[in-house]
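Step one of this worksheet: look at the structure below.
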Amino acid sequence: INKFPDKAIWPIQNFIQEINDKSYQISGLSSSGKEDINQFRTDNKINIVFYNCDDIVLKTMIRANPGVVVLDKGTVVEKKNWIDVEELEL
């Protein structure tokens, strides 16, 4: 979470709002500690639940920081880098 680029905050905040408007579920995954995650959420007004995950697993899942993985009934249907998050059709 400490490597989350500042320029990614706005696109991710917009994406989270779109998800919330459509009543979809959203969660964050990070290998950072609970204190760092809570500070990040507070500083950036990001109100989603975060789960802790091993950094190697995260790098295997998605090669972007931050990145978005869209699941449908547990199946990965799309993965995007934060730069391309606006291209996602939900």
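- The CD1 atom of Ile62 lies 7.5 Å from the CG atom of Asn81; values are rounded to the nearest 0.5 Å.
- Counting heavy atoms of neighbouring residues, nucleotides and ligands inside a 6.0 Å radius, atom CD of Glu86 does not exceed 12 of them.
- A continuous path of ILVMFWY side-chain contacts below 4.5 Å connects Ile26 to Phe40, so both sit in one hydrophobic cluster.
- Although no hydrogens or angles enter the test, the distance criterion places no donor-acceptor pair under 3.5 Å between the side chain of Lys80 and the main chain of Val70.
- Pairing each heavy atom of Leu58 with each of Ser31, the nearest pair is CD1-N, 3.7 Å.
- No side-chain heavy atom of Leu71 sits less than 4.5 Å from a side-chain heavy atom of Val77.
- With hydrophobic clusters built from ILVMFWY side chains whose heavy atoms lie under 4.5 angstrom apart, Ile16 does not share a cluster with Val49.
- Taking Asp6 as the reference, nothing meets the side chain to side chain donor-acceptor pair (under 3.5 Å) condition, with sequence neighbours excluded.
- Interatomic distance, Ile9 CD1 to Asp43 CG, rounded to the nearest 0.5 Å: 9.0 Å.
- Cluster membership check: Ile83 shares its hydrophobic cluster with Leu88, using side-chain heavy-atom separations under 4.5 Å among Ile, Leu, Val, Met, Phe, Trp and Tyr.
- In this structure, the side chain of Ser32 engages the main chain of Ile1 through a donor-acceptor pair within 3.5 Å.
- Cluster membership check: Tyr51 does not share its hydrophobic cluster with Val76, using side-chain heavy-atom separations under 4.5 Å among Ile, Leu, Val, Met, Phe, Trp and Tyr.
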Where do Gln17 and Asp21 land on the side-chain hydrogen bond (donor to acceptor under 3.5 Å, both in side chains) test, with the steps shown first?
-> CA-CA 6 Å; Gln17 185 60 50; Asp21 289 348; 2.7 Å; yes

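- By the neighbour-count criterion of 12 heavy atoms within 6.0 Å, atom NZ of Lys22 is densely surrounded, having more than that number from other residues, nucleotides or ligands.
- Asn38 has its side chain within reach of Arg41: a pair of non-hydrogen atoms, C-beta onward, lies under 4.5 Å apart.
- Atom OG of residue Ser27 and atom CD1 of residue Ile19 lie 10.5 Å apart, to the nearest 0.5 angstrom.
- Scored by the side chain to side chain contact (heavy atoms under 4.5 Å, CB included) test, Asp54 finds Ile56, Val57 as partners (sequence neighbours excluded).
- Residues Phe15 and Leu90 have side chains in contact (heavy-atom distance under 4.5 Å, counting atoms from C-beta outward).
- Looking at Val68 and Lys79, their side chains never come closer than 4.5 Å, going by heavy atoms from C-beta outward.
- Within the 3.5 Å criterion, the main-chain N or O of Asn44 finds a donor-acceptor partner in the side chain of Gln13.
- In terms of heavy-atom proximity, Trp82 sits nearest to Ile12 at CB-CD1, 4.0 Å.
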Verdict with reasoning, Leu29 to Phe50, per side chain to side chain contact (heavy atoms under 4.5 Å, CB included) | CA-CA 5 Å; Leu29 297 174; Phe50 274 85; over 6 Å; no

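- For the atom pair CD1 of Ile48 and CG of Asn20, the computed distance is 8.5 Å after rounding to the nearest 0.5 Å.
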